[in-house]
Each structure stands twice: as C-alpha cells, then as structure tokens.
Participant: 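Dropping a structure here in structure tokens format, bear with me for questions.
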Amino acid sequence: MRNFATTLFAVIISTLIIGPVAAEEPVVIRFSHVVSPDSPKGKAALRFAELAAERTGGKVRVDVFPNSRLYGDKDEMAALLAGHVEMLAPSLSKFRVLRISDFEVFDLPFVFSDLAAVHRVTQGEIGKEMLTKLDKTGAIGLAFWDNGFKQMSSNRPLRNVEDLAGLKVRIQPSLVLDASISALGARPHPLEFSEVYSSLKAGVVEATEGPVSNFYTQNLHRAQKYLTLSDHGYLGYAVIANRNFWNGLPSETRAALESAMRDASVYANQIALEGNAAALEAVKASGHTQVIELTSDQSAAWRTAARKIYSDGKSVGGIEPELVARILKAAE
Ligand code: LMR
C-alpha cells in the first residue's frame, strides 16, 4: 500500500513538473470529393483512409469530405493548390482549369470498348506520362481510378440519334464533351456536379450523362424517366495531392502512403465495376426510370455520329491528333 502511494505521489509530481507525455499528433490529409460516400470513388477514398492509417501506424489520418461538402467542382482545384485540402480525385474532364487539356482525351466518345482497354492507357506508359503533366502545376498525380462507362438519361426515350436533337444535356466542363454532345445533335450545358439533380428538377437541363453509379447515388432516377445504355464514353479520375505537402512528408511516410494508394487503386477499379452493375439493378428495381437497351444498329449510329469529332484526324478541344492516335492505338 505504501509502495503504491509512493508511486502515485511520484507520478502526480512528475506530471505537475514535466506535464503528461505528449502523444504525437497525426498528420491530417483532407481528401475532398464531390460524389456520394457510396459511389465507387467515395468508397475508394475511404479505403485509402483505412490503409493510410494502417500502413503509417496511425501517423497519418485521412479525413474524407464527400458530396462537395467542403469544396465543389468550382473551387476544389484552387483549394488544393492553396493548401486548404491535401487530396482530391477530380474527374479527368475537369483538369482544364489547371491548363491541362490532354486529360480530356479520355472524353472522346466510343474509344474504349471495355475497361481493359482503358487500363492499357491509364496503367501503362501513356498513363505515367500523363500524370507527369501535373508536374508543371502545384499538384502531383498519384493514380488513375475508374468510375466506368457513361449512359445518357432524359425525360424522353432516346434510341435513335435523331431523338437527341436539340436536347439540353448537362456535361462536365470539357471541350471534348462539348464537341461530342454537339455531334450527337444535342445542346451541351456545363454544370457543377452538385447542381445536376436540382437543375434537372427545375428544367435548367433536360438530360445528363454519366456512369450509373453516379446516377443512382445522386438520386437522378427520381429526376429522369429514361436511361439509355449507350456506353458512349468513359469517366475516370486522377487522384492528386498538393505537391509541396506530398513532397514534404518524411520519405518513410510517403512510401507507406504510396503503398496504400496502390492497393486502394486496385480496390477502386474493382468496386467501380461492381458498383455500376449493382446501381443498374437498383435503378431497374426502383421503378422510377425505364432502362433502354440500344439495338446494334442504333448503337452503331450513335457511334458514327459521335466519332465524327476525331475520325478525320483533326485536333479536338486543343488535343493534338498525335495523342488521339496514340490513345486509339493503345485502346485497340
Ligand atoms: C461529374 O461531374 O459528373 C463527375 O465528374 C462526378 C464525379 O466525380 O464522378
């Protein structure tokens, strides 16, 4: 008893004199994105957070902010460069604001017949080269993540290319998307992702395009009567970090985060495939939106109309024809 009292007394005195042993504060990474936590990107960001904590032994904590809660399409890049957040995963259609137009090559319609074709580009030499384009900005490119192929929704059934005539379609802010939607006879209208649901409801736009996982997790099936499985393009992401922050991390921590990113990327691409399939089933089961499958003739007509923007070998959206040719070859 006496010993215990003596020890307790010693602890109290030492705490008063030197203070409690300070626990090391983790480095915090704020990872902001615009989609639902239940979407493929939302889930992959959370997986990265888990792996980052695990592999750094708790030295890094990743706080994920979904649904444009912290920053939206308009201001997230500026926030990253200013160091208000440390990580983002914007769609490849949203990099022109950093003066990188080449990423819009992924917006070209009907280039990739499946995700394996996408991966030959994103996981290969071209992908590596493309991420280094970010070196001239305050960002650093860490990985490509899939969402998937885009479908077209509307309040009128879209089967033949003529059905799209004059339709006001929400697009992401990409010149290649602008050209593609125009080539289909519709009227492209760029809008922030967070505004899509309300803009469809208010009639600001009549239609939108995107992977089914985004369609379902944003409740767009409650705003659109028809969903045409057009597979007319691809939507994927570049995961990026603030360059100074990333390069300023102790090398051991950075290596642990790179390993976490590698595994999170494998997971991201797996969950994207599964998430889009599950979302399609959920849309069908909801009974709100009728899903339309195109006949092979209808699909071929969409393809011919949309591919006009690059099949003549001219520059589109400022992208050099050489890059388009390389992508087409790799995707073959
Ligand atoms: C969109 O704006 O439609 C997409 O970029 C949203 C996303 O991040 O998947």
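When a ligand or atom number is given, it counts from 1 through the structure's own listing order. What's counted below: heavy atoms across the whole structure, side chains too, no hydrogens, waters or symmetry copies.
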Participant: What is the closest protein heavy atom to atom 9 (O) of ligand 1, and at what distance does it sit?
Facilitator: Y237 OH, 2.5 Å

Participant: Looking at K133, I want to see if its NZ is surrounded by more than 12 non-hydrogen atoms of other residues, nucleotides or ligands under 6.0 Å.
Facilitator: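 Not more than 12 within 6.0 Å, no.
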
Participant: What protein heavy atom sits nearest atom 1 (C) of ligand 1, and how far off is it?
Facilitator: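 Looking at atom 1 (C) of ligand 1, the protein heavy atom closest to it is F193 CD1, 3.3 Å.
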
Participant: Which of the atoms of ligand 1 are close to N214, meaning less than 4.0 Å from one of its heavy atoms?
Facilitator: 6 (C), 7 (C), 9 (O)

Participant: Enumerate the atoms of ligand 1 whose separation from the nearest heavy atom of S91 is less than 4.0 angstrom.
Facilitator: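 Atoms satisfying the 4.0 Å criterion: 5 (O).
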
Participant: Is it the case that over 12 heavy atoms from other parts of the model lie below 6.0 angstrom from the NZ atom of K168?
Facilitator: yes

Participant: Would you name the heavy atoms of E332 and R120 that are closest together and state the gap between them?
Facilitator: O-NH2, 2.9 Å

Participant: Of all heavy-atom pairs between I309 and A179, which one has the smallest distance, and what is that distance?
Facilitator: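 Nearest pair, atom of I309 first, then A179: CG2-O, 3.6 Å.
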
Participant: Could you check whether D107 and S180, counting side-chain N and O atoms only, form a donor-acceptor pair closer than 3.5 Å?
Facilitator: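 No.
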
Participant: Looking only at non-hydrogen atoms, which of R170, K150, K41 approaches atom 3 (O) of ligand 1 most closely?
Facilitator: R170

Participant: Considering the heavy atoms of K94, write down every atom of ligand 1 situated less than 4.0 Å from one of them.
Facilitator: 1 (C), 2 (O), 4 (C), 5 (O), 6 (C)

Participant: Which ligand 1 atoms does V35 reach within 4.0 Å, using its non-hydrogen atoms?
Facilitator: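 Going through ligand 1 atom by atom, the ones under 4.0 Å from V35 are 6 (C), 7 (C), 8 (O), 9 (O).
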
Participant: Taking side chain to side chain contact (heavy atoms under 4.5 Å, CB included) as the test, write out the residues that go with A223, two or more places apart.
Facilitator: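 Per chain and number, A223 pairs via side chain to side chain contact (heavy atoms under 4.5 Å, CB included) with Y197, L200, K201.
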
